[in-house]
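Below you'll find the structure, written out as structure tokens, and then a few comments.
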Amino acid sequence: RMSSFLSICSSLTRLSTNFSLQSIRFATKKAGGSSRNGRDSCGKRLGVKKLGGQYVIPGNIIIRQRGKTYHNGTNTKLGRDYTIYSVSEGFVRFFYDRKIGHQIVSVTPTNVYAPDRTKNESAVYAPID
């Protein structure tokens with residue numbers, strides 16, 4: 001029995017020398033599994049909601065923004081997330097204030113963007129002879 005044990009041990013040592021750790025190959029490429037760019041967030045729907053000259057009532061959102069890109073003027077207020085909304089009914093007006101260098105949004109009772117029909121009204125509606 002001792003001789004058979006020795007013969008098995010000698011055959012195992014011969015096998016182990018053939019498969020040394022130096023002959024094991026490792027992968028040279030990363031395993032193709034999860035991607036790094038596979039996520040995205042939904043759009044936040046920011047921007048101008050009511051254009052210049054549009055009629056608004058109190059509470060209407062005029063602009064949703066991040067930071068103070070537009071500043072609130074008369075009859076508008078600024079929400080805590082910088083949303084500009086109307087506090088009275090009227091027409092939206094956008095203008096640039098050169099003195100302070102800001103784009104201002106306000107609500108006026110009259111529409112400043114409407115065409116002035118009092119000038120040359122008789123010329124527009126004059127009968128053709």
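Numbers here are sequence positions counted from 1. Side chains included, hydrogens not; waters and symmetry mates left out as well; all remaining heavy atoms used.
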Solution key, residues 46-61 side-chain donor-acceptor pairs under 3.5 Å, sequence neighbours excluded:
{"unit_1": "K49", "atom_1": "NZ", "unit_2": "R45", "atom_2": "O", "d": "2.7"}
{"unit_1": "Q54", "atom_1": "OE1", "unit_2": "L51", "atom_2": "N", "d": "2.6"}
{"unit_1": "Y55", "atom_1": "OH", "unit_2": "E89", "atom_2": "OE2", "d": "2.7"}
{"unit_1": "N60", "atom_1": "OD1", "unit_2": "I57", "atom_2": "N", "d": "2.8"}

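A pairwise comparison of heavy atoms in F94 and V105 identifies CE2-CG2, 3.4 Å as the closest pair.
Every side chain to side chain contact (heavy atoms under 4.5 Å, CB included) that S88 has, sequence neighbours left out, goes to N75, V107. Under the rule for a side-chain hydrogen bond (donor to acceptor under 3.5 Å, both in side chains), the partners of T83 that lie at least two apart in sequence or sit in another chain are D81. With sequence neighbours excluded, the residues satisfying side chain to side chain contact (heavy atoms under 4.5 Å, CB included) with Q65 are I63, T69, Y70, L78, Y82, I84.
Residue pairs meeting the salt bridge (Lys or Arg N to Asp or Glu O under 4.0 Å) criterion with at least one partner in residues 93-113, sequence neighbours excluded, do not occur; the list is empty.
Cluster partners of I104 are F95, I100, counting Ile, Leu, Val, Met, Phe, Trp and Tyr whose side-chain heavy atoms approach within less than 4.5 Å, directly or via other members.
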Practice problem: Assess whether side chain to side chain contact (heavy atoms under 4.5 Å, CB included) is satisfied between K44 and R66, documenting all intermediate values. | Solution: CA-CA 10 Å; K44 302 298 176 218; R66 294 286 176 262; 4.2 Å; yes
Exercise. Before giving the answer on side chain to side chain contact (heavy atoms under 4.5 Å, CB included), spell out for V87 and T76 the whole-Å C-alpha distance, their side-chain angles and the decisive distance to 0.1 Å.
Key: CA-CA 5 Å; V87 292; T76 58; 5.8 Å; no
